[in-house]
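To start, the structure under review is shown below, and the notes come after it.
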There are 2 protein chains.
Amino acid sequence: MTKAQAATRPATSRNYPKGERRRAQIIKAALTAFGQVGYRHASTVQLAAACGVSRAGLLHHFPTKESLLEAVLEERELQDDQHFFRTDGDPIDGLEYFASMIRLVAHNQANPLVVSLFAVLSSEATTADHPARPYFAARYERARSQMTQAVEDLAARDLLHSHVAPSGLAVSLIALIDGLQVQWLLSPDTIDMPEHLRSMLRNVISVELPG
Amino acid sequence: MTKAQAATRPATSRNYPKGERRRAQIIKAALTAFGQVGYRHASTVQLAAACGVSRAGLLHHFPTKESLLEAVLEERELQDDQHFFRTDGDPIDGLEYFASMIRLVAHNQANPLVVSLFAVLSSEATTADHPARPYFAARYERARSQMTQAVEDLAARDLLHSHVAPSGLAVSLIALIDGLQVQWLLSPDTIDMPEHLRSMLRNVISVELPG
């Protein structure tokens, strides 16, 4: 994610004055807690205990389970972006971008509970009245926009196979990454997510990715 | 699906003696009901009413909501196979197969509630103790096996682009189809599922698909 994109994101301040530090601690603990017991089954009492605060303390920062969830989703997205897509506002290098994407998918493959949580939530969020629907719609919009820049960079540098149409490719590659999660979660010994992504990228990119 | 595969499927008899006809009616009505109110929110009372039977009548055929769900999933898979993949036991023609797959995805795009139900269920089923986990694991296994035959047919006829590795391609294409559903459900005006599938197939298949 570029700095410009970060600036348009809902506020999850990286400088933590006063109660903000506690808020950040709760979010971090909640990601683990959601990943362990799932979103649906987690009670605010359980979540408060896992986060090391009282139920009242939790509700002070997050009045509803949905609001805590949204903060957790944003924090994880921010972390992923910072660890795997540090671009410092520079134009996106398509080869670096997709190499980073493979690393992110490999990282996810070490965290089945979090992947499962995300897979369930993004699907549940497709229903009209789900509290996380706007978040996920915007998140995919951001992801498509960013990956489209990466694809356009490759196209401009003539690094796509000659018969590959760049238009719409970002949608399909994001879909591929999402869909692999379900098959991997159901058959972890059969499916290797980063290998499948790398293999599909070889079908469209004409040079080897770095790293 | 070939006849041989159908023979190994759990029994959903196509000849309905006695109570089987009622059972089939319930399954048909339940697919609509699940699609309308979702699986999680559907009560057995609601489902019985939607299916035109008493709660006791429903429970006679399906002692649990999970057992009804499983029957619904199997029925829909059977219907999809019959409408889109009638192979009559013949070897799979890769071009026909993928043309059928595009038609199936276009058909799904007319049924957002059912697609949403499936997307949520397949993700929820990834948790270790979910009643539908064995069903979905086996379903993906069948889907991969069938699509792998289609890919191998194309490879044998030299209809894949020269740089495309057939190994693992089925996993990735199934993942693509699954993943498109979430983006489409969140942004139905932006995402056209069959067009994205067709476009990705053009990246791997060197000739135009029929139909």
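Worth knowing before you read on, the calculation uses all heavy atoms, side chains too, and leaves out hydrogens, waters and symmetry mates. In what follows, every chain begins at residue 1, and chains take the letters A, B, ... in the order their sequences are listed.
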* **Most contacts with chain A, counted as non-hydrogen pairs under 4.5 angstrom, among Arg133(B), Gln181(B), Arg144(B), His161(B)** => His161(B)
* Between Ser167(B), Ala137(B), Pro112(B), Ser123(B), which has the largest tally of heavy atom pairs under 4.5 Å with chain A? -> Ser123(B)
* To do: Using atom types as modelled and distance alone, determine if a side-chain donor or acceptor of Tyr140(B) lies under 3.5 Å from a backbone N or O of Leu186(A).
  => no
* Could Asp93(A) and Arg157(A) be called an ion pair, given the rule that one side-chain N must be under 4.0 Å from one carboxylate O? -> yes
* To do: Between chain B and each of Gln183(A), Glu124(A), Met200(A), Glu195(A), count heavy-atom pairs under 4.5 Å; write down the option with the most.
  => Gln183(A)
* To do: Would you mind checking which part of Arg202(B) comes under 4.5 Å of any heavy atom in chain A, side chain (CB onward), backbone (N, CA, C, O), both or neither?
  => backbone
* To do: Using non-hydrogen atoms and a 4.5 Å limit, figure out which bit of Ile191(B) sits close to chain A: side chain, backbone, both or neither.
  => side chain
* **Best-contacting candidate, Leu176(A), Leu180(A), Asp192(A), Val171(A), against chain B by heavy atom pairs under 4.5 angstrom** => Val171(A)
* Structure fact -> Interface check, chain A: of Leu185(B), Asp178(B), Leu173(B), most non-hydrogen pairs under 4.5 Å belong to Leu185(B)
* Take Met147(A) and Phe98(A) through the side chain to side chain contact (heavy atoms under 4.5 Å, CB included) test and state the conclusion after the steps. => CA-CA 9 Å; Met147(A) 196 184 281; Phe98(A) 283 109; 3.6 Å; yes
* Does the side chain of Arg76(A) come within less than 4.5 Å of Phe118(A)'s, by heavy atoms? -> yes
* **Sidechain-backbone polar pair: Ser122(B) side chain, Ala119(B) backbone, donor-acceptor under 3.5 Å** => yes
* Side chain Ser100(B), main chain Phe84(B), donor-acceptor under 3.5 Å -> yes
* Side chain, backbone, both or neither: which part of Ile174(B) has an atom under 4.5 Å from a heavy atom of chain A? -> both
* Asked: For chain B, which of Gly168(A), Ser199(A), Gly179(A) has the most heavy-atom pairs under 4.5 Å?
  -> Gly179(A)
* Contact part of Phe136(B) toward chain A, heavy-atom cut-off under 4.5 Å: side chain, backbone, both or neither? -> both
* For the atom pair CD1 (Ile177(B)) and CE (Met193(B)), what is the distance rounded to the nearest 0.5 Å? -> 10.0 Å
* Structure fact -> Under 4.5 Å to a heavy atom of chain A? For His163(B) that would be both
* Report yes or no: does Asp153(A) contribute a side-chain atom to a donor-acceptor pair with the main-chain N or O of Gly94(A) at less than 3.5 Å? => yes
